[in-house]
Structures are given as C-alpha cells and as structure tokens.
Amino acid sequence: MSRRPEPAQDQDPVREHLSPAHALEIDPLIEDPDTRIVVCCGSGGVGKTTTAAALGLRAAERGRKVVVLTIDPARRLAQSMGIDSLDNTPRRVKGIDDSAGGELHAMMLDMKRTFDEIVEAHADPERAAAILNNPFYQSLSAGFAGTQEYMAMEKLGQLRSRDEWDLIVVDTPPSRSALDFLDAPKRLGSFLDGKLIRVLLAPAKVGGRAGMKFLNVGMSVMTGALGKVLGGQLLRDVQTFVAAMDSMFGGFRTRADATYKLLQAPGTAFLVVAVPERDALREAAYFVERLAAEDMPLAGLVLNRVHGSGAGRLSAERALAAAENLEESRIVDQPDGKAGLRNSPDTYGSSESPARNVTDGGSPATEDVDGAAPEDEPTATDGERSVERLTAGLLRLHAERMQLLARERRTRDRFTALHPEVAMTEVAALPGDVHDLAGLRDIGERLATGHAELSGAS
C-alpha cells in the first residue's frame with residue numbers, strides 16, 4: 001500500500017491530518033478484483049447510503065461492474081442516480097463515465113417481495129400458494145421484527161450466487177444497531193428451533209387421528225392459553241403457516257449460514273461510517289469491536305462530514321480578541337487605554353465633550369480650553385462602523401468554526417487512541433445534500449483523498 005506524502009506546511013494547522021499509517025486507501029480497495037463485497041455500516045444519520053452510492057459510482061467508473069443494494073426507504077439513492085424509483089430488481093444507472101468498461105446498477109430491498117421469491121423458489125406451486133395467502137405469513141413478511149435484516153442477508157446471498165457482479169456494495173438497514181443483520185441467521189435458527197415452533201409442528205408431524213388426539217389432549221392447555229391471547233383464528237393461521245413452511249426451514253438456516261460465512265470471507269470488506277461526534281464515534285467503536293468478535297474483515301472507518309477552514313492560521317482566541325477590539329471601539333487603540341479615551345477630544349456622545357460655541361457669523365465652532373480651535377480629527381462614518389460590525393461578526397463566526405474543528409479533532413483522536421489499528425479516511429462536509437451523480441462523484445473524490453480541506457469553508 002502506497003504512503004501518502006506529508007501535508008504541506010501551509011495547510012490548516014488545526015485540522016491535523018491522519019498519519020499515513022492510519023490512512024484508509026479507498027481506490028486500491030474498490031479496484032482490487034479480489035474485493036467482491038463492501039458493506040457500509042454505522043449508526044443512523046451518518047451518511048451510509050450516500051457513502052455506499054459514491055463508492056459504487058467510483059468503482060464503476062474505474063471499470064468494475066457494480067450493484068449497490070440499499071435498505072434506505074427514503075429513496076434518496078434513486079433520486080441522486082437519476083432513477084425514478086428503485087425496487088427489488090437491479091436497474092442500470094445511466095450517465096456514468098463507462099470509458100473504462102464499468103457498469104453501475106442500483107436496487108432497493110423489497111422485504112416482502114424477497115420473502116415471496118424465497119417461497120416461490122423453494123416450494124411447489126400448491127404449497128407456495130398456501131403460504132403466500134396465509135394471513136400470518138402476510139403479517140410476518142410485511143414487517144415482523146428482524147425480517148428486514150434477514151431478507152437483506154438473503155438478497156445479498158442471491159446477488160453473490162449469480163456471480164454477475166464484480167462488486168456488491170451494501171447499505172445496511174437503518175436499525176438501532178446497524179449490525180442487526182449479523183444476528184439474523186442466529187435469531188432465525190433460534191426461532192425455528194424454539195419450543196413453540198416444535199409444539200406447533202408436532203400435530204402435523206404425527207398426522208392423522210393420532211395427531212388430532214395429541215392436539216386435543218397434549219396441547220389443550222397451551223392452545224387454550226394462546227387462543228385467549230392471540231385469538232383462535234390467528235393461532236390456526238400460525239399452525240397452518242408453520243406446517244406449510246416446515247420443509248423450507250432447513251433451507252432458510254442453510255442459506256443464512258452460507259451468507260454469514262460469505263461475510264467473513266477475504267473478498268468482503270466492512271466500512272464503518274461515522275461523523276466526528278461523540279455518540280456516533282462511540283457507536284463506531286462498538287461496531288469495530290463487534291466485527292472483530294465475529295471475525296468480520298474490517299477495512300476501516302469513514303469519518304464523514306468533517307469540517308475544515310481556509311483560514312486555519314487565525315486561532316479562535318485571536319479572532320475573538322479582534323472582534324472585541326472592533327466592538328469596543330478605540331479602547332485597545334488608545335495609547336493610555338481608557339484614560340486616554342476619557343481625555344480624548346473626540347466627543348462620541350461623552351458628557352465631558354467641549355462646549356459648542358457659535359461664531360459671530362452664526363456658524364457653530366468648537367474651542368479648546370485655551371480658546372483655540374482644535375485641529376480636525378477623523379471620525380468614523382456610519383458606513384465604516386457598519387463594516388466594523390460586519391467584520392466583528394465574521395470574526396466571531398470564524399472563532400466558532402475553529403472551536404468546532406478543535407472539538408472534532410479531539411473526538412477523532414480519542415477514537416484513534418482507543419483503536420489505533422483502524423485505518424481512517426475523512427470526508428469533508430458539504431454545504432448541502434447530494435442530489436445527482438456529480439454530487440456522488442464529488443463524495444467519491446473526497447473519500448479517496450481523505451482531506452477535510454477539500455470543503456473549503458463549510
């Protein structure tokens with residue numbers, strides 16, 4: 001891996017650059033033909049969807065055939081890629097630079113449709129129809145807790161098994177824990193092996209009159225209690241669903257385990273996305289530790305929305321002092337301080353101002369204590385004072401920016417001290433949202449460059 005040159009001396013001294021040893025090299029990662037899956041994870045609202053789309057676009061314009069799988073229901077990805085809408089089928093993105101032979105496709109997970117596809121692919125038509133029309137299945141596939149995470153795993157496994165894509169970029173579900181999808185296979189296995197499922201399956205496995213006798217005698221207490229809680233019809237729907245799905249349970253577990261191993265394979269790279277805020281980096285630290293515990297290959301951390309300044313040499317303290325000097329006019333500039341201001345011949349509305357006299361010609365004039373007219377001294381006009389007030393306001397804004405940069409640096413450095421092994425790239429904050437391919441291309445450039453100063457001011 002190549003080392004970046006040291007930053008030039010005239011760059012922002014407040015935003016200290018990452019050392020080359022900690023720099024995450026994005027382009028070598030996405031250009032490597034051995035990298036087949038990139039998973040973007042992180043807490044909510046840190047820019048995972050935009051990061052995933054920018055990575056996909058940059059990889060495609062470097063010659064790879066890429067599909068971006070998003071779980072984000074806000075449909076921002078479709079809008080930024082110029083597509084009316086995304087669904088469960090990969091759609092090709094037009095307008096990219098395909099001179100290197102790459103392609104970019106995008107899709108958004110349709111949780112229910114993915115579940116339906118699994119049923120249709122692994123059950124005969126009669127049983128599939130019974131499952132798809134079952135009221136309990138319809139509720140389960142539309143929004144049962146954990147279903148989205150599991151279906152994301154299923155869809156990733158489907159895309160990878162087709163071997164149609166050079167690179168799959170995954171935007172993880174917007175759940176409380178962005179690593180919930182790692183737990184999906186285990187939760188599914190626990191559900192399928194649970195006591196309730198085994199009890200509900202027992203009558204179907206026994207069959208005939210013996211099964212009905214078992215149901216009437218052995219399950220009378222349980223079904224009575226469940227019937228009161230769930231309702232008799234719902235309980236019958238659950239039993240029918242479980243009986244119809246029995247032959248598919250093993251396939252669910254097998255595919256989930258295979259996808260889990262795929263995520264641990266060398267061709268997969270996880271990117272943790274965060275912003276330079278305490279809570280977000282605390283979550284990022286949790287993700288890093290969890291990935292390590294699960295033997296998942298972590299490529300590094302994307303520190304998103306990092307602020308920079310084009311006037312980093314002016315510290316917050318100096319900016320505030322200059323603003324106060326402008327607002328408290330002439331106090332600092334007087335040779336004798338406030339005493340000099342009190343003895344100043346300028347009036348500024350002071351009660352100690354010399355008396356105004358009227359000359360014989362009727363025009364006003366001022367005299368000093370010896371009766372001689374003082375020399376004319378320049379006074380600030382309204383326009384000059386407006387400029388001073390504006391300048392003072394800008395200085396205070398700059399001081400706030402420098403204080404923000406210092407906080408972000410301290411927060412970043414705490415994470416780096418806690419996890420010195422994690423490579424990192426910084427993405428400069430943008431003044432607005434990303435709405436098109438040009439914006440995604442800009443984000444990709446910032447990802448690869450890793451310098452906050454690309455943002456200029458904000």
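As the structure is a prediction and not an experimental result, all values here were calculated from the model. Values reported hereafter were calculated over all heavy atoms of this structure, with side chains retained and with hydrogens, waters and symmetry mates removed.
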Return the minimal non-hydrogen interatomic distance between [X] and [Y], and the atom names on each side.
X	Y	answer
Ile118	Met151	CD1-SD, 3.8 Å
Ile26	Ala448	CB-CA, 4.1 Å
Ala299	Leu29	CB-CD2, 4.1 Å
Leu24	Leu271	CD2-CD2, 3.7 Å
Ile37	Val39	CG2-CG2, 3.8 Å
Glu61	Ala100	O-CB, 3.9 Å

If you measure from CD on Gln158 to CZ on Arg255, what distance do you get to the nearest 0.5 Å? 8.0 Å
Rounded at 0.5 Å granularity, tell me how far CZ in Arg278 sits from CZ in Arg414. 7.5 Å
side-chain contact (heavy atoms from CB on, under 4.5 Å) between Val272 and Phe270: does it pass, once the steps are laid out? CA-CA 6 Å; Val272 177; Phe270 280 82; 5.7 Å; no
Between Leu281 and Leu418, is a side-chain contact (heavy atoms from CB on, under 4.5 Å) present by the stated rule, with each step listed? CA-CA 11 Å; Leu281 280 173; Leu418 183 63; over 6 Å; no
Contact check, side chains of [X] and [Y], non-hydrogen atoms, under 4.5 Å:
X	Y	answer
Val288	Glu421	yes
Lys65	Glu164	yes
Lys48	Thr51	no
Val68	Asp171	no
Glu117	Lys155	yes
Phe415	Leu301	yes
Leu262	Arg36	no
Leu303	Glu408	no

Check: [Y] main-chain N/O paired with [X] side-chain donor or acceptor under 3.5 Å:
X	Y	answer
Arg305	Val275	no
Thr172	Cys40	yes
Asp110	Asn88	no
Arg64	Asp32	yes
Tyr137	Asp116	yes

Verdict with supporting geometry, Arg58 and Asp27, salt bridge (Lys or Arg N to Asp or Glu O under 4.0 Å): CA-CA 8 Å; Arg58 192 168 181 85; Asp27 284 346; 2.6 Å; yes
Just one of Arg91, Arg62, Arg92 clears the salt bridge (charged side-chain N to carboxylate O under 4.0 Å, His left out) bar with Glu103, so which one? Arg92
I would like to know whether Asp279 and Arg282 meet salt bridge (Lys or Arg N to Asp or Glu O under 4.0 Å); could you show each step before the answer? CA-CA 5 Å; Asp279 291 343; Arg282 184 183 297 119; 2.8 Å; yes
For side-chain contact (heavy atoms from CB on, under 4.5 Å), just list the numbers for Gln403 and Glu317, CA-CA rounded to whole Å, side-chain angles, deciding distance to a tenth of an Å, and then say yes or no. CA-CA 9 Å; Gln403 291 166 349; Glu317 292 77 11; over 6 Å; no
Any salt bridge between Glu120 and Arg113, counting N to O under 4.0 Å? yes
Go through it in stages, so that I can follow the logic: the residues are Leu440 and Thr50, the test is side-chain contact (heavy atoms from CB on, under 4.5 Å), and I'd like the CA-CA distance, side-chain angles, deciding distance and then a yes or no. CA-CA 7 Å; Leu440 290 176; Thr50 302; 4.1 Å; yes
Set out, in order, the CA-CA distance, both residues' side-chain angles and the distance that settles side chain to side chain donor-acceptor pair (under 3.5 Å) for Gln264 and Lys261, then state yes or no. CA-CA 5 Å; Gln264 294 176 315; Lys261 292 179 180 178; over 6 Å; no
